[in-house]
There are 2 protein chains.
Amino acid sequence: MTETRLGQRKTKQRDTILEVIRSASGPLTVEEIHQRGQHDVPGLGIATVYRTLKLLQEAGLIETVILPTGETRYEPTELGHHHHFHCRTCDVVFDLDACPVEIPGGGSYPGGYIVEDHEITLYGTCPACHV
Amino acid sequence: MTETRLGQRKTKQRDTILEVIRSASGPLTVEEIHQRGQHDVPGLGIATVYRTLKLLQEAGLIETVILPTGETRYEPTELGHHHHFHCRTCDVVFDLDACPVEIPGGGSYPGGYIVEDHEITLYGTCPACHV
DNA sequence: TGAAAAACAATAACGACTTATCATTTTCCC
DNA sequence: GGGAAAATGATAAGTCGTTATTGTTTTTCA
């Protein structure tokens with residue numbers, strides 16, 4: 001269990017925000033984090049969410065994901081290489097484990113492009129949204 | 001050749017902006033479009049660029065791409081299914097033809113996700129940047 | 001427990017990007 | 001070619017996500 005002490009003091013707000021992000025099934029928006037955090041910390045302020053996200057990023061515990069829609073979301077760094085599935089029906093974003101890409105890291109691509117990394121978002125319907 | 005008449009009148013600015021986007025080797029930022037357009041139309045205003053981008057989108061001639069960096073870029077709709085390569089050295093974004101994804105459209109994914117579409121960005125070094 | 005410092009909530013301010021305004025220029029159709 | 005309407009360029013204003021400010025509350029440690 002990683003030490004949650006980010007600044008000098010341990011607070012319910014910070015513990016809660018990190019836990020919200022870690023227990024999610026996909027990357028969350030600031031708004032989602034704010035709302036879910038309020039279950040544990042009623043009155044949680046939006047500024048605290050932003051402050052804590054910044055601290056968590058500086059501590060290397062979370063990272064930013066920007067989806068092709070332009071939405072900024074946050075996810076735990078502890079997840080390894082993975083991609084995202086965006087359900088067009090419910091708009092929820094899920095983590096996926098399997099990687100559908102054929103190119104290995106370090107591979108090269110027609111035209112002479114040397115590929116070091118890749119980022120993928122899949123779109124469609126999630127299990128809960130199709131009958 | 002598609003009719004460039006977007007509003008009621010044909011102008012050098014609009015022709016130029018569309019041509020800049022069509023002749024690019026990858027999606028361009030507003031700034032890039034503005035700068036390249038000024039080769040043909042000195043004094044081209046940034047407001048005109050934004051106005052024209054909106055018209056071109058409404059006309060279905062171009063579309064917006066938001067990269068994982070959060071950068072908004074524009075590319076011609078006439079390009080079919082393709083992906084992007086972002087060179088980490090020169091920061092230029094290129095179109096790629098080959099699609100490295102194994103999942104066919106309409107395929108399904110472990111966990112019950114029905115995949116309709118996907119978006120990919122590759123990162124690495126472009127031909128011009130490696131020795 | 002009590003005091004100093006850190007963190008908080010509320011909200012004003014900021015910054016980057018985009019859109020609106022308006023006087024001037026350009027297009028286009030008679 | 002000339003005039004009405006559209007488009008332009010300059011820039012002010014608006015938007016929206018994020019950060020800074022400030023007075024209050026909470027944490028921590030003697």
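A, B, ... follow the sequence lines: proteins, then strands. Residue 1 opens every chain. Here the structure is a predicted model, which is why all the values come from computation and not from measurement.
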Mind listing the closest non-hydrogen atom pair of B:Val65 and B:Pro27 along with its distance?
CG2-CB, 4.4 Å

Please determine if a side-chain N or O atom of A:Thr11 lies less than 4.0 Å away from the OP1 or OP2 oxygen of D:dT26.
no

In this structure, how many angstroms lie between the P atom of C:dT18 and the CZ atom of B:Arg73, rounded?
13 Å

Looking at D:dT8, C:dA9, C:dC8, which one has an atom nearest to any side-chain atom of A:Val41?
C:dA9

Output every pair passing salt bridge (charged side-chain N to carboxylate O under 4.0 Å, His left out) with a member in residues 65-74 of chain B, not counting sequence neighbours, ordered by first then second residue.
B:Glu32-B:Arg73, B:Glu71-B:Arg73

Contacts under 3.5 angstrom, residues 54-64 of chain B side chains, donor-acceptor by atom type, not counting sequence neighbours:
| unit_1 | atom_1 | unit_2 | atom_2 | d |
| --- | --- | --- | --- | --- |
| B:Gln57 | NE2 | B:Thr64 | OG1 | 2.4 |

Between P of C:dT18 and CD of B:Glu31, the distance in whole Å
11 Å

Whether B:Gln8 contacts D:dA7 is assessed here as follows: a side-chain N or O lying under 4.0 Å from the phosphate OP1 or OP2. Is that the case?
yes

So does A:Ala47 get a backbone contact from the side chain of A:His34, meaning a donor-acceptor N/O pair under 3.5 Å?
no

From CG of A:Leu55 over to P of D:dA20, roughly how many Å is that when rounded to an integer?
12 Å

Is the phosphate of D:dG9, meaning OP1 or OP2, less than 4.0 Å from a side-chain N or O of B:Gln13?
yes

Let me confirm one number: the CD-CG distance from B:Gln13 to B:Leu18, rounded to the nearest 0.5 Å.
13.5 Å

Nearest whole angstrom, please: distance from the P of D:dT8 to the CD1 of B:Ile17.
8 Å

Report the residue (B:Thr72 or A:Val49) whose heavy-atom-nearest nucleotide on DNA chain C is the more 5′ of the two.
A:Val49

A:Gln57 atom CD is separated from D:dT18 atom P, nearest whole Å, by 10 Å

Taking every non-hydrogen atom, the tightest pair across B:Tyr74 and B:Ile21:
O-CG2, 4.1 Å

For B:Asp15, is there an ion pair with B:Lys10 - N to carboxylate O distance below 4.0 angstrom?
yes

Between the side-chain atoms of A:Arg9 and the base atoms of C:dA5, is any donor-acceptor pair under 3.5 Å?
yes

Interatomic distance, CD1@B:Ile114 vs SG@A:Cys87, rounded to 0.5 Å, equals 9.5 Å

On the nucleotide C:dT18, are OP1 or OP2 found under 4.0 Å from the side-chain N or O atoms that B:Tyr50 carries?
yes

Using a 4.0 Å cut-off on protein heavy atoms (strictly under), produce a 5'-to-3' string for nucleotides 10-15 of chain D with B for base contact, S for backbone-only sugar-phosphate contact, and - for none.
BB----

Report the distance from atom NZ of B:Lys54 to atom P of D:dT8, rounded to the nearest whole Å.
14 Å

Test of understanding: with ring pair (Phe, Tyr, Trp, His ring centres under 6.0 Å), list the residues that count as partners of B:His83, not counting sequence neighbours.
B:His81, B:His118

Gap between atoms NZ and P, on B:Lys10 and C:dC29 respectively (whole Å)
13 Å

Compute the angle between the rotation axes at the two ends of the helix from C:dT1-D:dA30 to C:dC30-D:dG1, each taken over five pairs, rounded to 10 degrees.
30°

Given atom CD1 of A:Ile66 and atom C1' of D:dG17, what is their separation to the nearest angstrom?
12 Å

Those residues at least two apart in sequence (or on a different chain) that pass ring pair (Phe, Tyr, Trp, His ring centres under 6.0 Å) with A:His82 are A:His84

